[in-house]
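Lettering of chains follows the sequences in order, A, B, ..., and the numbering in each one begins at 1.
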4 protein chains.
Amino acid sequence: MKYVENKAEEVKIAYIGGGSRGWAWGLMSDLAAVDDMSGTVYLYDIDFDAAKKNEVIGNGIKDADNCKAVWEYKAVSDIEAALTGADFVIISILPGTFDEMESDVHLPEKYGIYQSVGDTAGAGGILRALRTIPMFEEIAESIKKYCPDAWVINYTNPMTMCVKTLYRVFPQIKAFGCCHEVFGTQKLLVTALEEMRGLENVKREDIKVNVVGVNHFTWLTKAQYRNIDIFPVYREFAEKYKDTGYTRDVDENWMNRFFSCSEKVKIDLFLRYGSIAAAGDRHLAEFCPGDWYLKDPETVEKWGFALTPVSWRKEDLKKRLEKSQRLYSGEERFELKETGEEGVQQIRALLGLRDLVTNVNIPNYGQIPNLPMGAVVETNAAFRANSLSPVYAGNLPDEIYPLISRVCGEQERVVDAALKRDLDGVFAAFVTDPNIYLSVKDARAMFDEMINNTKEYLKMYF
Amino acid sequence: MKYVENKAEEVKIAYIGGGSRGWAWGLMSDLAAVDDMSGTVYLYDIDFDAAKKNEVIGNGIKDADNCKAVWEYKAVSDIEAALTGADFVIISILPGTFDEMESDVHLPEKYGIYQSVGDTAGAGGILRALRTIPMFEEIAESIKKYCPDAWVINYTNPMTMCVKTLYRVFPQIKAFGCCHEVFGTQKLLVTALEEMRGLENVKREDIKVNVVGVNHFTWLTKAQYRNIDIFPVYREFAEKYKDTGYTRDVDENWMNRFFSCSEKVKIDLFLRYGSIAAAGDRHLAEFCPGDWYLKDPETVEKWGFALTPVSWRKEDLKKRLEKSQRLYSGEERFELKETGEEGVQQIRALLGLRDLVTNVNIPNYGQIPNLPMGAVVETNAAFRANSLSPVYAGNLPDEIYPLISRVCGEQERVVDAALKRDLDGVFAAFVTDPNIYLSVKDARAMFDEMINNTKEYLKMYF
Amino acid sequence: MKYVENKAEEVKIAYIGGGSRGWAWGLMSDLAAVDDMSGTVYLYDIDFDAAKKNEVIGNGIKDADNCKAVWEYKAVSDIEAALTGADFVIISILPGTFDEMESDVHLPEKYGIYQSVGDTAGAGGILRALRTIPMFEEIAESIKKYCPDAWVINYTNPMTMCVKTLYRVFPQIKAFGCCHEVFGTQKLLVTALEEMRGLENVKREDIKVNVVGVNHFTWLTKAQYRNIDIFPVYREFAEKYKDTGYTRDVDENWMNRFFSCSEKVKIDLFLRYGSIAAAGDRHLAEFCPGDWYLKDPETVEKWGFALTPVSWRKEDLKKRLEKSQRLYSGEERFELKETGEEGVQQIRALLGLRDLVTNVNIPNYGQIPNLPMGAVVETNAAFRANSLSPVYAGNLPDEIYPLISRVCGEQERVVDAALKRDLDGVFAAFVTDPNIYLSVKDARAMFDEMINNTKEYLKMYF
Amino acid sequence: MKYVENKAEEVKIAYIGGGSRGWAWGLMSDLAAVDDMSGTVYLYDIDFDAAKKNEVIGNGIKDADNCKAVWEYKAVSDIEAALTGADFVIISILPGTFDEMESDVHLPEKYGIYQSVGDTAGAGGILRALRTIPMFEEIAESIKKYCPDAWVINYTNPMTMCVKTLYRVFPQIKAFGCCHEVFGTQKLLVTALEEMRGLENVKREDIKVNVVGVNHFTWLTKAQYRNIDIFPVYREFAEKYKDTGYTRDVDENWMNRFFSCSEKVKIDLFLRYGSIAAAGDRHLAEFCPGDWYLKDPETVEKWGFALTPVSWRKEDLKKRLEKSQRLYSGEERFELKETGEEGVQQIRALLGLRDLVTNVNIPNYGQIPNLPMGAVVETNAAFRANSLSPVYAGNLPDEIYPLISRVCGEQERVVDAALKRDLDGVFAAFVTDPNIYLSVKDARAMFDEMINNTKEYLKMYF
């Protein structure tokens, strides 16, 4: 890497999971949109062909009209080549296939357990963690070996447990986890300002929030726009929409229906607990006692959100594979469109090209004093040249402490037990999950069945 | 108070709830059993006649053969008279009557919620707290006014919330909560040493334990007898009895059946979580997810413990009233018998007559670093002349953190909301209780019904 | 205050000490240099005429060529008028006159104690604190009464003790202390990058530092420019200049000579303690054991810095008074020139017009875990709309902990005792000061003499 | 080890420094005085002959009239034999000889630095630490290898730095440091109770104190006897004796003169800082700014304590060697006399034969929240079967925080640098010592001279 005037050049990014048909393209778009960085992105994926296709797609971008920076893309077949000399490592992988995810999400239905996402928390989240943690152990070891000074940005779920694994294996790692769920809530607050106060042209980034909690179960304890405290505004908004829910655009498309959300969960949690729950309702619901929002499909419907079936994901993947082929062959032109993700801005800040304060997932150094030190939490942090420092967020408010502390502790415990390949230990945490309301015996039967169903990826535990 | 040689004389104890037919007699026995203290016990009770009877009973003790110390008992009809000049205040009251407790314990059964005790946690514990907290506010205010330097010993349940209220109202109070549940577990460990190692004559007090948690959901992270680490011994014991349970004496008496316990819950928790759950199974079960041990009466039976019906308590009270009459009239002779409680030893230690390290309920100064500062927790503490200092207990082990942190936070929150007379706030905590696994709507219906049923004692909330 | 598009208008700033001939003019310049804010500055000063003159001077600025924003200036004769409705309060006062400061700085010379500044630490700093603390009590009470939601920016020395007093009197105050000494060190690091690495055009703001310590005894534990860790660069620089010192421009002007500094103290501390001392040498020296740099004038000279005589300040004041008169009368034109201070940028950030991470003086919430909670410390903090949150700075490195913890504790103690009007308590802290190396008896004699000499301003202590 | 009824038998104690003519005999006496333990003491010393002599002396004790327990003594020539299988390890060594100590204590006089003891703090303490730390590294490594579960009791000075070294090298070590200085202060408080209140027969152990600080600079924040708060009593006592000092028996013996102390330092510190300084004046003085009590011999005399010359120690050693010979030959009979030390009671408590709360030196787990975590501090702790847990002591009072935090940090830093063999790092801490008030240059000259003078024992640093 080097700096030429106000630009960083020859930046090397290693992308683990670089064959992705989604996140990878988003990154390509975002990298092309800023004019003060250039370099090479090494695409590493266990599906080398996928990486290879993305190499071709990525290298085609420089010809786009509004491409502001030239990045070279290189598919590599071993992780050493990807990591050696890397300034940044991006991790965005799918642990296993959608068949395993289908088991994670839908097998529990047999036991009366419903899940809206199933990739972060609950039965599905933990099983996914069991597959993911050993992969992240390997990645962390490789980073320690090949690029210990690189900044590591994780996008993979279950976010908290992935980041925790990186730090457990290589405590000096410069890693953090990135998630856009808070942004969605900021947008909702923009809407509330528009609806209730008639404001216009409010930018998402100008909603300044204090974030506490764990990923996908994050909460805002302050939200401010200029001189406006948004809490009373949001309270009016919540009271107005608590029964009907709020949906900007009704999308009748079959595909999108499964991501629909009417913010009723979010509103309900706010009205009861006084802090602003700040993730999609599908995520929030999974961290709450199962009887609240996920008791059965009728309950889910009543709360106005959707259970995303993995069949949808499979269908969606097909579409993305087709699109990949079209992009690769040149049949379809790559459209540059900023994603709204902050990864590229974080990279710029770490390169010293700007300052940035935003929310991330990192170990607790005391930014949330009433959660355990070292537990991975989500709060704001200051990104500056080669530096990431948590911003003091304060205690979890008493009202939400019982909801969050338990899931924080549960996730820490799953990682700990999984690293020891101690499935009984994992189960002991599993059975405390808020969305697993079964007798211990039934929970064990379900756990064993879920493991058996995905055992292809769990050999290291036996 | 004064000291004459090695004795403390003219000690003044105020007993709030001094009309009790149970605890009060135990205290009388224990006070008569030590020879280095004497003084006066002021009996205050809203049932003045009951206090008056106990005055007579207490003053009769000095004639008993083995009475080692003379204590005078005086019933007083106002709290000012009881507290003024007191060196010690003992609080042991029944908030409301057994009719209210009947509602607390049994009304939830209509919603499918079963409770084995119903006085500490869960629906019953919280409703009881709603009645108790305003009483403790008054008591704390009176102590602040009449005897701010007195040591205050609470025996009333819900323990944690009672002690918390005292400190919230009068932060300088010298109060602590006392509970014998840990002693029961120490006795079980004695049994394990006898059964598995053939030891004899092991005394309960010689089992040295490290206590963490909240009252009635206390756990041991260390247990040592001389040079023996009891954990592996208890593991053998647990493996042996995990299916059958352990019951020393089968008591077919109808009355006792409702307190029976085969230690299966305790053993199950130990085998899953690695620390020793240290309270009666009836209490432990109520702090766990409802599906585990309290799903329905069959589940309870399977786990070998009993749901104590309040009808039993009413029956038992009748017997105790009869006994009270007999003791009062002289028909029955008061039998001096040490209770095994440590209250009197704690008093001696606070008077500087001995040192004592034992478990108590006090605010967290850091003795459990991963629970919130200020939350009322149960750990060991050192009692010395006019001083009570927590002993460092260490973090909750990761395995049990998710189980305990949530209930600790829930109880803190109930007190906070109850002090503000904020029933919505109380409900928001109520619905997070592990043994309330209902939809929010059903939970609210149950909550409202429970409140309505006991509204006589809840007028201050409306 | 209101927002019109991207501008904040009708912002009200209260300036306590608004008759100043220095800081006030700097603020006027800086306010005129940004184009997205406008409003009114209320000038309050015990010297009302001075405030009145500044009103005229300030209101003349809008005619300057490069004036980007129109601010109105109004002198007011009572603090209520200044504070009522204020969005921001700036405090920059001289406690007492230069006659008192002359006693603070020079009287100790009689006892062999030399001071290079005498306004922050040491004998002079403490005496100044005794005068200042009662004034800040009044200010804090007034803010509590008239504008409790205003942001309060303090520039007055002794910084730490002033900020502490504000928080002690009104714990909910939104106050922070601002100081430019770290900027000076950042500039020196720019120089080191230029000298040792040949870099050009490096901006002060682009040197990203991690700040720990107390005001004027602040240290950098990290310093980064883009991808360059500055510590090894600064080490080379320090080795090169440790004997000769580093002085960019030799200024033979009599007046400037007393502020000269050759960075030898700073370099010496870095080479011995491994962190970068980040304040002017004249300040740093006063926080170190007296024998190190301030033993006598010869020692001071050897270390290449100056003892600033108060006679110089008096002379300088005369010049500034003359200038004030010229500006007031229009004889001299007000020259707009940015000061390099960050106050105006902090105000913009608090108004939500930008984000800013910079160093401030606020109570310790855990940003420096090994200093006492609540002690006023200097670290980075994030300024965002109506929000100021400390950035986690980490422990003081072990090497400098002994140097800093003592002075941090000493200053906390002085405030505590002064608030109680307990001069014996103040003296007990005074005699632990690193630059007061006298027998207790001599120290007391000096202390009493210093108090007597400035008793006009210390009546409240008697 | 085994238990037979209420006795512990076959206890194995390893005594490192077992050739001692002082502490070793005290231990022999104390062991003989309790009737519920017996076993073997392995005497290991680099002076094997000395150990051998002590073996003979120790084995002769069983014939004494009042010997209650039979302990066997065995001199061993290698540390492995001493440690293997040990239940307890006692460390009480002299690092180097009195020649080195002579340099430690007296060489600084040439630079105007006087020391009253010179074994804990200041120039002498640090130089002694430099010799001792490498020895303790070896001891810690050996304990880790041969008896990792043994309890380790250190008596060696510099206490704090010795204990710190043990934990740095072997973090799981079960070690603590024992010191009787607090007992001396408890005795003084007994005297105050007698003098000012006419009490009689008060036992030292019944003065219950809350201890904070570092070894030899320990302070009491509470002192209670039964229902008497001793602070106001001690204040009267202090006011009475502040000018004359308090000396119970004037001892004109030449030898004792050098340990004399009139408590004037202790009283002065109490009257200024409000907490009770709780070590001998000779120790306390060395932790204070040099100008206070140790400026020169006249100052020392004025404060009524003595500079203990090493010539005295050499003379004393001669006498002890003669006594050793007489005891060994049988010419003199070993007199059993309890020492008042608590080591044997601590051993009994760790064996589960009693409970004990007393002061020890161990790492800070939060028992003193405003000192750094992990720093070795002195507070109370609870000794129970195989367990030692700190008792919460609370924050250092603000008044004494500046005095203690700096020396705590200084000692931590010396250990850290010495373990890295970094003499520049050691010097950087050395020059911050309160009793080294020299220019950096002079301090370095003195430091180098002191090192050179004792280089025989410091080879590992070069």
- Query: C:Val391, C:Val357, C:Asn227, C:Asp206: which one forms the most heavy-atom pairs within less than 4.5 Å of chain A?
  - Reply: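 The residue among C:Val391, C:Val357, C:Asn227, C:Asp206 with the greatest pair count is C:Asn227.
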Proximity breakdown for [X] and chain C, heavy-atom pairs closer than 4.5 Å:
X	result
A:Glu5	backbone
A:Asn380	side chain
A:Asp355	side chain
A:Asn6	both

Mind ranking [options] by heavy-atom pairs under 4.5 Å with chain C and telling me who comes out on top?
options	answer
A:Lys208, A:Arg226, A:Lys222	A:Arg226
A:Gly366, A:Pro390, A:Ser389	A:Pro390
A:Gly394, A:Ala393, A:Gly352, A:Ala385	A:Ala385

- Message: I need the C:Tyr392 OH to A:Asn364 CG distance, nearest 0.5 Å.
- Response: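 Rounded to the nearest 0.5 Å, the OH-CG separation comes out at 9.5 Å.
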- Message: With rounding to the nearest 0.5 angstrom, report the OH to CD1 distance, A:Tyr3 to C:Ile228.
- Response: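 Answer for the OH-CD1 pair, A:Tyr3 versus C:Ile228, is 8.5 Å.
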- Would you name the heavy atoms of A:Gln224 and C:Asn386 that are closest together and state the gap between them?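 What the structure gives for the nearest pair is NE2-CB, 3.3 Å.
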